[in-house]
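For reference, the structure discussed in these notes is given below.
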Amino acid sequence: MALFDNDKLNGIFEKAKETIKDTSDKTKKAFAESSEQMKQHNQESKNLKAPIEGAIIRYAVTYNGGLAKYPKSKSGEIGLNILEDCFYLKPTMTTIEWFEEMAIPYKKIRKVEIVERTISNTEWLLSSSRSDMKAMEQKNNIEISYLDGEDKNQLIRLEMLTGVSIYGQAGKCVEFMDILRQNEIPEKFIKEKSKSNDENSQNDILTQLEKLSELKDKGILSEEEFNAKKASLLEQI
């Protein structure tokens, strides 16, 4: 006698088919959801890496320190956007958890410099010769000195990522400075007054005051005219 009749066997097979179909449907659904999430993630990543509206150009950089709230260098990409009135730093998916986007107005900037990169301990240990070390000593770091909202001195250090190789990154730093000059951006930075210029200006005012006094003594200027011009000159000191 057979252990199962045809009806029971058919029932078992149908149940197995339903189970397989249900598992397949769940797998397809999970795959579709995962695929959609991946697409959204990729799109978000792409949007964060895109130049912001109005940017002349965007460079990929990494943070090398300088700011009090981020005292140590950190890995990950940040977008350095050059706009008409400011540098705009925007995080990407690799830095969004810790770096807040920020604008540095040109009118608050004292100086922008391209400096030689600092060789890490790992690079130093892996280098086989002095020539290898020299090859890594490229100027691919950007230092921006500026005044914050409270007019306190700040410095941010950024290392160029655009350019792939160290040599390519150094080349992009040269391009970066060329773009600033071509768009007359350094002209918008804070103009530092030299001590000698201040001294010359004060000496010139004193000379003018002496001449005014002579004109008054000679009767060419009245007392009122003399006092008015004197007050105007003293305001410039």
Between [X] and [Y], which heavy-atom pair has the shortest distance, and what is it?
X	Y	value
Pro91	Phe99	CG-O, 3.4 Å
Tyr146	Ile109	CB-CA, 3.9 Å
Ala103	Cys86	CB-SG, 4.1 Å
Lys69	Glu100	NZ-OE1, 4.0 Å

Reported [atom1]-to-[atom2] distance for the pair [X] and [Y], which is rounded to 0.5 angstrom:
X	Y	atom1	atom2	result
Gln208	Ser213	CD	OG	13.5 Å
Cys173	Glu113	SG	CD	12.5 Å
Leu147	Ile104	CG	CD1	11.0 Å
Asn183	Ile82	CG	CD1	7.5 Å
Met160	Asn141	CE	CG	10.0 Å
Leu155	Ile144	CG	CD1	9.0 Å

Please check if [X] and [Y] belong to a single hydrophobic cluster, counting links between Ile, Leu, Val, Met, Phe, Trp and Tyr side chain heavy atoms closer than 4.5 Å.
X	Y	answer
Ile114	Tyr59	yes
Ile185	Val174	no
Ile166	Leu161	no
Ile52	Ile78	no
Met177	Ile56	yes

If we ignore angles and hydrogens, is there a donor and acceptor under 3.5 Å between the side chains of Arg110 and Asn153?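 Yes, because at least one side-chain N or O of Arg110 sits under 3.5 Å from a partner of the opposite role on Asn153.
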Do Asp178 and Gln182 get their side chains close enough for a donor-acceptor pair, meaning under 3.5 Å?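 No, Gln182 and Asp178 have no side-chain donor paired with an acceptor closer than 3.5 Å.
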Please evaluate residues Ile57 and Ile179 with respect to the criterion side-chain contact (heavy atoms from CB on, under 4.5 Å), reporting the C-alpha separation (whole Å), side-chain torsions for both, the decisive distance (0.1 Å), and the verdict. CA-CA 9 Å; Ile57 193 169; Ile179 288 174; 3.7 Å; yes
Side-chain ([X]) to main-chain ([Y]) donor-acceptor, under 3.5 angstrom:
X	Y	result
Thr94	Glu77	yes
Asn81	Arg58	no
Tyr70	Ile156	no
Glu143	Val112	no
Tyr106	Leu83	yes
Lys74	Thr95	no
Glu187	Glu184	no
Thr62	Gly76	yes

Could you check whether Lys107 pairs with Asp85 (Lys NZ or Arg NE/NH1/NH2 to Asp/Glu carboxylate O, under 4.0 Å)?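 Between Asp85 and Lys107 there is no salt bridge, as every charged N stays at least 4.0 Å from the carboxylate O atoms.
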Can you tell whether the side chains of Glu175 and Lys172 come within less than 4.0 Å, N to carboxylate O?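 So Glu175 pairs with Lys172 through a salt bridge.
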Residue pair Phe87, Leu180: steps toward the side-chain contact (heavy atoms from CB on, under 4.5 Å) verdict: CA-CA 11 Å; Phe87 290 130; Leu180 296 188; 3.8 Å; yes
Run the salt bridge (charged side-chain N to carboxylate O under 4.0 Å, His left out) check on Lys108 and Asp151 step by step: do they pass? CA-CA 8 Å; Lys108 290 284 189 176; Asp151 284 340; 2.6 Å; yes
[Y] side chain reached by [X] side chain, heavy atoms, under 4.5 Å:
X	Y	result
Asn140	Phe176	no
Glu159	Arg117	yes
Tyr63	Leu89	no
Arg157	Ile142	no

With sequence neighbours excluded, tell me which residues meet ring-ring contact (aromatic ring centres under 6.0 Å, His included) with Phe189.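 Partners of Phe189 by the ring-ring contact (aromatic ring centres under 6.0 Å, His included) criterion come out as none, since no residue qualifies.
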Would you check, one step at a time, whether the test side-chain contact (heavy atoms from CB on, under 4.5 Å) holds for Glu84 with Lys188? CA-CA 10 Å; Glu84 291 292 337; Lys188 301 174 184 178; 4.0 Å; yes
Heavy-atom neighbours of Lys139 NZ exceed 12 at 6.0 Å: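 Open.
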